[in-house]
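Structure first, then comments.
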Amino acid sequence: MRRFYAPPEDFSETSVELSPEQSKHINRVLRLTEGAAIKIFDGTGREYLCEISEIGKKRTNLRILEQTLPAAPESDLDLTLAPSLLKGEKFDLVIQKAVELGVTSLVPIITARTDVRVKHIENKLGRWRKIIIESSKQCGRAKLMEVSRPLSFEQFAGTAEGSKALFYEGGGGEFSGLAATKKITAVFGPEGGWEESEIRIAIQNGFEIITLGGRILRAETAAISISALLQYKFGDLN
């Protein structure tokens with residue numbers, strides 16, 4: 001069954017109004033008709049079975065039939081992912097896979113060796129949010145992963161919460177030594193790696209430095225694979 005997203009403000013007690021963009025997709029691409037059943041999620045964790053009651057050129061109205069359970073329940077692990085900002089499609093891929101892996105929130109960070117210029121940030125945020133919505137439609141999540149504006153690593157290190165782990169190719173404790181917890185902040189460096197001054201900042205702010213031994217991963221691979229490992233060890237990927 002087709003899944004669509006509508007923000008909470010587009011819901012009433014008995015109906016939902018879809019945006020012009022989604023109305024166009026329903027009408028011209030999918031060619032759905034009045035009376036067709038679809039599912040709608042509101043980004044906060046709620047999902048509904050609905051029936052198309054009216055299709056217009058700019059708006060589509062739905063009648064709510066019942067609230068249903070999302071296909072993909074939320075993990076009980078509150079996981080914040082903080083990867084170094086990467087260029088273009090690499091970072092898009094990290095966002096997409098973080099949604100699929102049940103990450104709660106994602107904070108792009110800027111490190112000393114981050115090779116990305118931070119400009120037109122509102123456009124980037126809009127693009128990232130569209131990726132989150134589309135990925136949520138595909139994977140069955142009804143709660144949207146949060147994405148924040150980029151922060152410098154030093155800014156972020158002072159505000160990170162929960163059990164904090166920084167993954168470092170230069171050394172550190174073993175992944176298996178991470179203590180059991182339900183709130184984790186996981187930080188990943190850029191393609192050029194971490195500077196020693198940043199490792200000191202992390203330690204000063206209570207981060208545990210973790211290494212994967214001799215395994216050297218690309219920045220985007222590290223963010224995706226370690227998210228999966230954390231969900232397996234502490235979350236619902238089992």
Side-chain angles (χ1 to χ4, degrees), residues 1-82 91-92 94-108 118-151 156 159 161-162 183 185 236:
M1 187 175 292
R2 302 286 183 177
R3 294 181 83 236
F4 294 86
Y5 164 73
E9 57 267 26
D10 289 349
F11 283 74
S12 70
E13 188 174 339
T14 59
S15 64
V16 189
E17 188 177 85
L18 295 184
S19 67
E21 183 180 3
Q22 295 200 82
S23 296
K24 181 179 178 181
H25 188 65
I26 282 177
N27 192 9
R28 298 184 182 180
V29 180
L30 300 178
R31 298 188 181 279
L32 299 179
T33 59
E34 293 177 4
I38 62 176
K39 286 192 172 183
I40 303 292
F41 65 99
D42 69 354
T44 69
R46 292 176 295 190
E47 185 161 322
Y48 301 88
L49 176 64
C50 297
E51 179 184 79
I52 299 175
S53 57
E54 181 184 2
I55 299 178
K57 291 183 178 180
K58 294 186 176 180
R59 290 285 177 182
T60 295
N61 292 315
L62 312 175
R63 182 168 65 90
I64 296 175
L65 301 178
E66 61 177 342
Q67 186 170 350
T68 62
L69 292 174
E74 291 298 307
S75 172
D76 56 357
L77 172 63
D78 183 353
L79 176 57
T80 295
L81 207 63
F91 203 71
D92 292 350
V94 170
I95 290 174
Q96 182 189 74
K97 299 309 175 186
V99 172
E100 294 176 20
L101 288 165
V103 172
T104 306
S105 60
L106 186 143
V107 183
V118 182
K119 57 182 181 179
H120 308 302
I121 190 59
E122 295 303 328
N123 292 339
K124 288 183 184 293
L125 284 170
R127 174 178 175 79
W128 296 338
R129 286 167 181 152
K130 284 184 179 179
I131 293 171
I132 290 168
I133 289 171
E134 291 304 313
S135 297
S136 298
K137 286 181 183 178
Q138 181 273 326
C139 73
R141 288 183 71 177
K143 187 173 183 179
L144 295 179
M145 182 183 77
E146 296 178 5
V147 63
S148 304
R149 301 175 73 88
L151 294 174
F156 178 74
T159 61
E161 299 178 342
K183 186 174 181 62
T185 295
D236 62 350

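These numbers were taken from a predicted model, which means no experiment stands behind them. The chain is numbered in sequence order, starting from 1.
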Sub-4.5 Å side-chain heavy-atom contact between [X] and [Y]:
X: R141; Y: V99; answer: yes
X: K137; Y: I133; answer: yes
X: N123; Y: R127; answer: no
X: V16; Y: D42; answer: no
X: S135; Y: I95; answer: no
X: T60; Y: N27; answer: no

Exercise. Scan for side chain to side chain donor-acceptor pair (under 3.5 Å) pairs involving residues 1-13, sequence neighbours excluded, and state none if there are none.
Key: R3-E47, S12-S15
Quiz item: Should E122 and R149 count as an ion pair when the cut-off is N to O under 4.0 Å?
Solution: yes
Quiz item: Residues in side chain to side chain donor-acceptor pair (under 3.5 Å) with E146, at least two apart?
Solution: none
Distance from [X] atom [atom1] to [Y] atom [atom2], nearest 0.5 Å?
X: E100; Y: M145; atom1: CD; atom2: CE; value: 10.5 Å
X: L49; Y: L65; atom1: CG; atom2: CG; value: 4.5 Å
X: Q22; Y: I40; atom1: CD; atom2: CD1; value: 6.5 Å
X: I64; Y: S53; atom1: CD1; atom2: OG; value: 10.5 Å
X: D236; Y: D76; atom1: CG; atom2: CG; value: 6.5 Å
X: S148; Y: L106; atom1: OG; atom2: CG; value: 8.0 Å

On a heavy-atom basis, which atom in [X] and which in [Y] lie closest, and how many Å separate them?
X: C139; Y: A72; answer: O-CB, 3.4 Å
X: A37; Y: M1; answer: O-CG, 3.8 Å
X: P108; Y: W128; answer: CG-CZ3, 3.8 Å
X: T44; Y: P8; answer: CG2-CG, 3.8 Å
X: G45; Y: P70; answer: O-CG, 3.7 Å
X: V103; Y: L79; answer: CG1-O, 3.4 Å

Quiz prompt | Heavy atoms from other residues, nucleotides or ligands near NZ of K130 exceed 12 (cutoff 6.0 Å) | solution = no
Quiz item: With a cut-off of 6.0 Å (strictly less than), are more than 12 heavy atoms of other residues, nucleotides or ligands near CD of Q67?
Solution: yes
Quiz prompt | ring-ring contact (aromatic ring centres under 6.0 Å, His included) partners for F4, two or more places apart | solution = none
Quiz item: Which residues satisfy the ring-ring contact (aromatic ring centres under 6.0 Å, His included) test with F11, sequence neighbours excluded?
Solution: Y48
Self-check item: Results of salt bridge (Lys or Arg N to Asp or Glu O under 4.0 Å) for R59 - residues two or more places apart only
Solution: E17
Quiz item: For T33 and I52, what are the C-alpha separation, side-chain angles and deciding distance, and is it a side-chain contact (heavy atoms from CB on, under 4.5 Å)?
Solution: CA-CA 7 Å; T33 59; I52 299 175; over 6 Å; no
Quiz prompt | Pairwise salt bridge (charged side-chain N to carboxylate O under 4.0 Å, His left out) hits with a residue in residues 24-35, at least two apart | solution = none
